[in-house]
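A short worksheet on the structure shown next.
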Amino acid sequence: MKKVRVRFAPSPTGLLHLGGLRTALYDYVYAKKHKGDFILRIEDTDRNRFVEGAIENLISSLQSMGIDFNEGPEKDNGYGPYIQSERLELYRKYADQLVESGKAYYCFCSKERLDQIREEQAAKKLPIQYDGFCKKLTKEEVQQKIANGEEYVIRLNMPKDDLFTFNDVIRGEVQIDSSQVDDQVIIKSDGFPTYHLAAIVDDHLMEISHVLRGEEWLPSTPKHIFIYESLGWDQPEWVHLPLILNTDKSKLSKRHGDFSVEAFVQQGYLKEALVNFVALLGWHPQTDDEIFDLDKMIEEFSFERVNKAGAVFDKTKLDWMNGLYIRKLDLSHIVDLAKPFFKEAGVDISDSTKFEHVVSCTREYINTLKEAPEFAQKFYSDPVFTESAAELMKNEDTKTICSYMITKLEALETIDAPEAKSMLKRASKDLKIKGKHFFMPVRAALIGEEHGPDIPLIIEILGIEECKKRFSNALNM
RNA sequence: GAUCCCUUCGUCUAGUGGUUAGGACUCAGGAUUUUCAUUCCUGCAACAGGGGUUCGACUCCCCUAGGGAUUGCCA
């Protein structure tokens, strides 16, 4: 069997988005599973859409998700360069070869003419295609026009009465009548190739075994097959992945919000959750397990378990899963990840022992790291009282409890949660105030809310001095 | 308009001729907890429709409908 070599080939036109992440993920786990190579190739053949810094961002986003490519820019394994704009001669060479063999031809049609024929075809409700006008040009005429400096493109000379039948790993046999396939431009007037030529040339030269790409490429696959055949090359396996959709079922796009990996990370989503969640959009392991890491996915991944239908991206479930990981992963790891969010919120977290306690407590309540500072605000600044908590403070019992607590705390040097717990127990007994009539006022006095974390834990986090301060403040309300 | 792809709870999905159609998220109820959150339990909720094939269809075939993608000198 041919060595597995798969590639993720994004265009540097922006940030890595969820769809790209999933494609890269499937590429990666498939390569890993079959001890193959995972190649990153940059498809920057559209100079107009190139975004400065996008290549670097794509690479860092991938790495931040734990997806490493073992071949690509800066990691040449003999198949480079891996950036298409550095491979222009190659595309030109094969385009010439296609022209030579009659599988492609020069076209000098103006944009105006193209627009016009499209308009006419639309009016007549015909398929919209190039009409082959320049196909009849003789070699001499072509030479003459080029010599005159006329702008040109090179188009594929698609057969018109053929049936393209190919096998898609996900969908099975797909048939497309060649009359439906346009004479696609493969070399643009600026001399750059289009995707259709560049991707095929590179996939062949880089010995790609499986082409994983979005389903939107399915209709143009005949063009690609035609190039393979015309050049006498063997086709790779076609693996068209189902689309990730917006809630309205349209292809996930920027118009509906920012679905970049970077944005999710900034919103406090964990790579474990993002990867896990996105993997499930179109793929499912054999078991009912939904929580898994990259290693387990490598073990279990197969194309047979990839779905055909598009998957709607549902943030609610991502939130749940993210919360799960926030609670499940090592505390120290979550503490590190939470730091930037607190810093950004302007919280002084220099007391690392306290901060660790705060995070340990806070993570039980949140689904994204971004929510953490707001929840933890009660541990770092004076409590903001809810209306009902403030009401509680006026209660006589509350005053009694607070004074009692202050006295008891004064006798202590340090306190931890178990000690606090027994102190509270004694207090409740001594004061003969029980259950929520005792605990609610205490919590309210300490954090300004009736509901929230375990009181002993709050006391431990706050420390003796802060507790005393808050109890006496409560006394004066 | 044309071509192609797709169609199980609201959403992600399991299911490959015989199942009480399973799981997860959401939602509702309950248990635990001084409270909230977590956790656990229970519940609500689906095979797009119509024809076949078959002793038997969610599963196979056809049609219809719906959705999506493509239809660029973007990828």
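To find a chain, count down the sequence lines: A is the first, B the second, and so on, and within it residues start at 1.
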Could you work out which one of [options] sits closest to the side chain of [X]?
X: A:Q180; options: B:A75, B:C25, B:A2; result: B:A2
X: A:K251; options: B:U70, B:G68, B:U26; result: B:U70
X: A:D454; options: B:C73, B:C25, B:U34; result: B:U34
X: A:H284; options: B:U13, B:A75, B:C6; result: B:U13
X: A:T194; options: B:G68, B:G10, B:A75; result: B:A75
X: A:D288; options: B:G68, B:U34, B:G22; result: B:G22
X: A:V312; options: B:C36, B:U11, B:C4; result: B:U11
X: A:P219; options: B:C5, B:U11, B:A69; result: B:A69
X: A:I455; options: B:U34, B:C4, B:G68; result: B:U34
X: A:S11; options: B:A75, B:G72, B:U7; result: B:A75

Handout entry: Geometric class of the A:H204/A:Y228 ring pair [parallel <30°, tilted 30-60°, perpendicular >60°]
Key =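 The arrangement is perpendicular - the two ring planes meet at more than 60°.
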
Categorize [X] for me: base, sugar-phosphate, or nothing, with a 4.0 angstrom heavy-atom threshold over every strand shown.
X: A:R443; value: base
X: A:E151; value: nothing
X: A:P453; value: base
X: A:E290; value: base
X: A:S189; value: base
X: A:R305; value: sugar-phosphate
X: A:G323; value: nothing
X: A:V185; value: sugar-phosphate
X: A:C109; value: base

Is it the case that the ring center of [Y] lies less than 6.0 angstrom away from the ring center of [X]?
X: A:F38; Y: A:Y30; answer: no
X: A:F277; Y: A:W283; answer: no
X: A:Y195; Y: A:H224; answer: yes

Exercise for the section: Go through the side-chain N and O atoms of A:S250 and A:D248 and say whether any donor and acceptor fall under 3.5 Å apart. Expected result: yes

Counting only Watson-Crick pairs (N1-N3 plus N6-O4 or O6-N4) and G-U wobbles (N1-O2, O6-N3), all under 3.5 Å, who is the partner of [N]?
N: B:A28; result: B:U42
N: B:G1; result: B:U71
N: B:U7; result: B:A65
N: B:U19; result: none

Can you measure [X] atom [atom1] to [N] atom [atom2] for me and round it to whole angstrom units?
X: A:F292; N: B:G23; atom1: CZ; atom2: P; value: 19 Å
X: A:R155; N: B:U71; atom1: CZ; atom2: C1'; value: 13 Å
X: A:R213; N: B:C5; atom1: CZ; atom2: P; value: 15 Å
X: A:L245; N: B:C12; atom1: CG; atom2: P; value: 8 Å
X: A:Y106; N: B:C73; atom1: OH; atom2: C1'; value: 15 Å
X: A:Q129; N: B:C4; atom1: CD; atom2: C1'; value: 14 Å
X: A:D46; N: B:G72; atom1: CG; atom2: C1'; value: 10 Å
X: A:N322; N: B:U38; atom1: CG; atom2: C1'; value: 16 Å

Exercise for the section: Look at the side chain of A:K125 and the base of B:A2, then say whether one donor and one acceptor between them are separated by less than 3.5 Å. Expected result: no

Handout entry: 5'-most by nearest nucleotide on RNA chain B - A:P456 or A:L218
Key = A:L218

Exercise for the section: Starting from the 5' end of RNA chain B, give me the residue, A:F439 or A:I170, whose nearest nucleotide shows up first. Expected result: A:I170

Using only atom types and a distance under 3.5 Å, with no angle test, would you say the side chain of [X] pairs donor to acceptor with the backbone of [Y]?
X: A:Q129; Y: A:S179; answer: yes
X: A:R305; Y: A:H284; answer: yes
X: A:D258; Y: A:S260; answer: yes

Would you say a side-chain N or O of [X] is under 4.0 Å from OP1 or OP2 of [N]?
X: A:T45; N: B:A75; value: yes
X: A:R118; N: B:G72; value: yes
X: A:K315; N: B:C25; value: no
X: A:N307; N: B:C12; value: no
X: A:K249; N: B:U11; value: yes
X: A:K308; N: B:C4; value: no

Expressed as a whole number of Å, how far does the [atom1] atom of [N] sit from that of [M]?
N: B:G18; M: B:A57; atom1: P; value: 11 Å
N: B:U64; M: B:A2; atom1: P; value: 12 Å
N: B:G22; M: B:G43; atom1: C1'; value: 16 Å
N: B:G67; M: B:A48; atom1: C1'; value: 11 Å
N: B:U26; M: B:A45; atom1: C1'; value: 11 Å
N: B:A46; M: B:C41; atom1: P; value: 23 Å
N: B:U32; M: B:A24; atom1: P; value: 22 Å
N: B:C25; M: B:C44; atom1: C1'; value: 14 Å

Practice task
Tell me whether the guanidinium CZ or amine NZ of A:K145 lies under 6.0 angstrom from the six-membered ring centre of A:F108 and within 45° of its axis.
Solution key: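 Pair A:K145/A:F108 counts as cation-pi.
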
Problem - A:F69 and A:F8: CA distance, side-chain angles, deciding distance, ring pair (Phe, Tyr, Trp, His ring centres under 6.0 Å) verdict - result: CA-CA 9 Å; A:F69 52 93; A:F8 176 53; 9.6 Å; no

